[in-house]
Amino acid sequence: MENAFSDNQDRVLIFDTTLRDGEQSPGATMTLDEKIEIANLLDEMGVDIIEAGFPIASEGDFRAVQEISRCTRNASVCGLARSSLSDIDRAGAALKDAKRPRIHTFISTSPLHMKFKLKMQSEDVIDAIARSVEYARKYTDDVQWSPEDGTRTEHDFLCRTVETAMRSGATTINIPDTVGYTAPSESAEIIRMLRERVPGIDSVTLSTHCHDDLGMAVANSLAAVIAGARQVECTINGLGERAGNAALEEIVMAMRVRNDIMPYATGVDTKRIMQASRSVADATGFPVQYNKAIVGKNAFAHESGIHQDGMIKHAGTYEIMRPEDVGLASTNLVMGKHSGRAALRKKLEELGYDVGENRLNDVFVQFKALSDKKKEIFDEDLIALMQSSANEAVDEHLKVEHLRVVCGSIAPQTAELTILVDGVSHKVESEGDGPVDAAFNAVNKVFAHDAKLLLYHVQAVTEGTDAQATVSVRLEENGRIVVGQSNDTDTILASAKAYVNALNNLLYRRSKTAPNQVSEVA
Ligand code: KIV
Ligand code: ZN
């Protein structure tokens, strides 16, 4: 594992909240298995603290924190709790098996939140802080406290709250910019102010937690670090409530690339960044925007002639970091019909997938099928293939066998579908407003349901008209949100398979859980 960027640098702890604040993003719900897979990845890549969920919010969150506590080897595992003792009990119980458990408790401290949300006087808030932090210490020595809406809290009161939390046993003080309102100079000023005014503050770790409503979450977090914060709370791909949280990959790479002016080190192995980004995008069905810093499809693409010419002469002309540093293969070695199993395994390893013999066999069959349809198989094709084979791991009650669609300028468009339902073949025909609608209607004829379609998204995996399409479908039924994905060179077939994959996931969720409890969360 790659550790500090170089010696003698201040260590900044990376606190990942993809599975808590990230998952609070509407529609970004992940299954337990997906959360465990992502937690394992975060642990392997050297994240210091994994905030695994908000145990009192739902049974699903409780289980996620519990299971992640059991399987995490290196990182601390953190559970969120409001200041009520029942929240803290729930977090304590979920973290029982963690090697390094952390409870993160919080209460609002801004005038607006105290008056309208909490309807509490400031003295009562101070009492709640003391009570909650002391109570959390009964479960673990590692207690983090946050003043919600901290950046809009009056400074005198913020100092009092921080002093109270420290006196009661908090070991990390996190300052959230809950509504993404602050700016870099102010973010730095708050940290500096606390360091100057709160006696003994150097005995705790100061942390920053920024939202991106004004597009400044990463800049605000880095400004806080420069001013003395030594923990950054962030998420993979910047996932999170509203406009999201500060993006982990941007924070880590900014400190690495601009180490001359930000001489801080993290424990993150940056070569795992792309894999983590893909896993989160895949689990949530939230695609990464093409021009997203570090992990976007275009982040290392050079299209203009002038740039390409410069790159050929010296990569440093237009590239401030190497694609390999974030886990992108240095060469996009094209695979094809004649590539063998060993070459496929090597390529998958380069892309960060460590496959066992059985999985390799399955993927090899799919790879051969794809290479019959498509002459050149690029890295992106293989990644898509790995992702869809992982998606298929959920029990397949429904399986598309054949689909024939008639479309074009003469309506109606029609679909003829053969689908297996628990192994029994059904053949149906349907019409629709366009080929996708016709295909979905055909599925609905066989499997009627009340789930609402929240999202239908198509993305070409590579360039060219023979490119595979990755289709994502998000459905909602009684508060349960599920995602389905599939890839195929035939976009309509990929759509039908993604829809069916989402329905399989819905059936799985129905069998495992009660509908999501909708709870008031931070
Ligand atoms: O944004 C926020 O205030 C939070 C807290 C719970 C830290 O997520
Ligand atoms: Zn937040």
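Both counts, for ligands and for their atoms, begin at 1 and track the order of listing. For reference, positions follow the sequence shown, starting with 1.
- Of the candidates L13, T208, L206, T205, R230 forms a side-chain contact (heavy atoms from CB on, under 4.5 Å) with just one, namely T205.
- A pairwise comparison of heavy atoms in F286 and S25 identifies CE2-OG, 3.5 Å as the closest pair.
- Of the possible polar contacts, none joining the N237 side chain to the L239 backbone as a donor-acceptor pair under 3.5 Å is found.
- Heavy-atom minimum distance, R242 versus D213: NE-OD2, 2.6 Å.
- Near H211, the atoms of ligand 1 lying under 4.0 angstrom from a non-hydrogen atom of the residue are 1 (O).
- Contact record, D142 with P101: CB-O, 3.4 Å, taken as the closest heavy-atom pair.
- For D21, every heavy-atom contact with ligand 1 shorter than 4.0 Å involves the side chain, none the backbone.
- Identified under the side chain to side chain donor-acceptor pair (under 3.5 Å) test for residues 61-70, with sequence neighbours left out: E67-R70, R70-D97.
- Looking at T178 next to ligand 1, an N or O pair under 3.5 Å apart turns up.
- Taking every heavy atom of P176 and a limit of under 4.0 angstrom, the matching atoms of ligand 1 come to 2 (C), 3 (O), 7 (C).
- The closest approach between a heavy atom of R20 and any atom of ligand 1 is below 4.0 Å.
- Residue Y181 comes nearest to L214 through the heavy atom pair O-CD1, 4.0 Å, listed as atom of the first residue, atom of the second, then distance.
- Within ligand 1, counting atoms from 1 as listed, the ones closer than 4.0 Å to a heavy atom of E148 are 3 (O).
- Under 4.0 angstrom from ligand 1, the non-hydrogen atoms of H104 all belong to its side chain.
- The shortest separation from a heavy atom of E241 to ligand 1 is not under 4.0 Å, leaving the residue out of contact.
- Closest N/O/S atom of D21 to the Zn ion (ligand 2): OD2.
- Sorting the N, O or S atoms of H209 by how far they are from the Zn ion (ligand 2) puts NE2 first.
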